[in-house]
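Reading through the structure tokens given below for one structure.
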Amino acid sequence: EGQYTAQLRATDRAGNVSLPVSYAFEIDLTAPRITAFATSPAPLNPNNATNVAPDQLVFTFDSTDVNVETVNRKTIQLTNLQHHDCSDAINYPNIAIEGSRLTIPIGYALDDNTYTVTVNGVTDTAGNFVDGEYSGAFPTGDHQPGGAFQFNFAVDTLAPSVEEFHLSPADEIVNGGDGPRRSNHS
């Protein structure tokens, strides 16, 4: 791996030698890895859930040469818990790469559900497939190019409701300076 320069000269039958021609090239055998996944505008909590329907999925890679031409409906997929394809929510024409960040816009609000985003077949500009196996920690990969990245996240925009509230006979209500509060000591 690395940067190389080849220099060539041609000689014809009469012994005439051409001017040298140089060609610079790079050998890249390292597969990019995903170092983070997030939703926007609201980040995922530690349970991989958000209470705001995301308008973007954001991937961060350990390299800056992810090939945007390999990001499409076949290589980035979104399904819900019922295994229905939700990839039509992805606005593929507006996918953007800035440095090591791949931003995938969501075209409409995702319903409350659990989703799986799968990345499989995305490459860098040298043609190395993303090393995507995810074991619950970033960065992804098993140090071999290829392998699907799958990440589950939940969208839950509904607040829970309290249907019932009961105090047991052992509880007592204590009046204090800031109003009644519950105490369970004897």
Side-chain angles (χ1 to χ4, degrees), residues 1-3 24-160:
E1 286 198 276
Q3 302 281 336
F25 63 96
E26 177 181 4
I27 295 177
D28 176 1
L29 303 173
T30 303
R33 297 184 305 164
I34 299 170
T35 58
F37 171 77
T39 58
S40 177
L44 297 173
N45 67 22
N47 297 318
N48 292 331
T50 180
N51 61 2
V52 176
D55 60 11
Q56 294 180 337
L57 305 178
V58 181
F59 298 87
T60 305
F61 293 86
D62 66 354
S63 69
T64 58
D65 65 344
V66 172
N67 185 353
V68 72
E69 293 178 17
T70 64
V71 178
N72 57 55
R73 192 174 182 84
K74 291 181 183 177
T75 60
I76 305 264
Q77 297 167 347
L78 185 66
T79 56
N80 65 17
L81 187 62
Q82 295 76 26
H83 304 288
H84 294 126
D85 183 7
C86 301
S87 298
D88 59 337
I90 297 175
N91 189 345
Y92 290 98
N94 292 321
I95 289 173
I97 293 182
E98 293 178 31
S100 62
R101 289 174 51 117
L102 170 66
T103 302
I104 300 176
I106 301 296
Y108 59 81
L110 296 175
D111 295 331
D112 284 17
N113 208 327
T114 299
Y115 295 90
T116 300
V117 61
T118 302
V119 177
N120 194 12
V122 172
T123 70
D124 63 12
T125 55
N128 298 306
F129 287 95
V130 169
D131 188 3
E133 294 86 2
Y134 180 67
S135 62
F138 290 102
T140 61
D142 61 359
H143 304 288
Q144 298 295 318
F149 168 76
Q150 291 189 314
F151 190 89
N152 298 321
F153 67 95
V155 175
D156 182 358
T157 61
L158 300 175

Considering residues at least two apart in sequence or located in another chain, which fulfil the ring-ring contact (aromatic ring centres under 6.0 Å, His included) criterion with F129? none
Distance in Å, [X] [atom1] paired with [Y] [atom2], rounded so as to fall on 0.5 Å steps:
{"X": "D28", "Y": "Q3", "atom1": "CG", "atom2": "CD", "value": "9.5 Å"}
{"X": "T64", "Y": "R101", "atom1": "OG1", "atom2": "CZ", "value": "14.5 Å"}
{"X": "N80", "Y": "Y115", "atom1": "CG", "atom2": "OH", "value": "6.0 Å"}

Using 30° and 60° as the class limits, which term best fits the ring planes of F149 and F138: parallel, tilted or perpendicular? tilted
With D85, which residues qualify under salt bridge (Lys or Arg N to Asp or Glu O under 4.0 Å), at least two apart? R73
[X] versus [Y], closest heavy-atom pair with distance:
{"X": "I106", "Y": "L57", "answer": "CD1-CG, 3.9 Å"}
{"X": "N67", "Y": "T125", "answer": "CB-N, 4.1 Å"}
{"X": "V52", "Y": "A42", "answer": "CB-CB, 3.7 Å"}
{"X": "P54", "Y": "L110", "answer": "CG-CD1, 4.0 Å"}

Kindly write out the residues that satisfy side-chain hydrogen bond (donor to acceptor under 3.5 Å, both in side chains) with S63, not counting sequence neighbours, or none if the list is empty. D65
What pairs of residues pass the salt bridge (Lys or Arg N to Asp or Glu O under 4.0 Å) test when at least one of them lies in residues 130-147, not counting sequence neighbours? none
Sort and list the pairs that fulfil side-chain hydrogen bond (donor to acceptor under 3.5 Å, both in side chains) and have at least one residue in residues 88-100, not counting sequence neighbours. D88-Y108, N91-N94
Any pair with a residue in residues 36-59 that passes side-chain hydrogen bond (donor to acceptor under 3.5 Å, both in side chains), sequence neighbours left out, goes on the list, sorted by first then second residue, please. none
With no hydrogens and no angle check, just 3.5 Å: does a side-chain donor-acceptor pair link N152 and T116? yes
Could you check whether Q82 and N113, counting side-chain N and O atoms only, form a donor-acceptor pair closer than 3.5 Å? yes
Can you confirm whether T123 sits close enough to N128 that some side-chain heavy atom of one is under 4.5 Å from a side-chain heavy atom of the other? no
Look only at the side chain of T60 and the backbone of T35, and say whether a donor-acceptor pair between them is shorter than 3.5 Å. no
Would you check if the side chain of T75 reaches a backbone N or O of T70 as a donor-acceptor pair within less than 3.5 Å? yes
Residue among I104, T140, V122 satisfying side chain to side chain contact (heavy atoms under 4.5 Å, CB included) with F59: I104
So with a 6.0 Å cut-off around CD of E1, is the heavy-atom count from everything else above 12? yes
Worked check of side chain to side chain contact (heavy atoms under 4.5 Å, CB included) between F37 and Y134: CA-CA 11 Å; F37 171 77; Y134 180 67; over 6 Å; no
Report the C-alpha separation of D112 and V155 in whole Å, then their side-chain angles, then the decisive distance to 0.1 Å, and conclude whether the side chain to side chain contact (heavy atoms under 4.5 Å, CB included) test is met. CA-CA 5 Å; D112 284 17; V155 175; 3.9 Å; yes
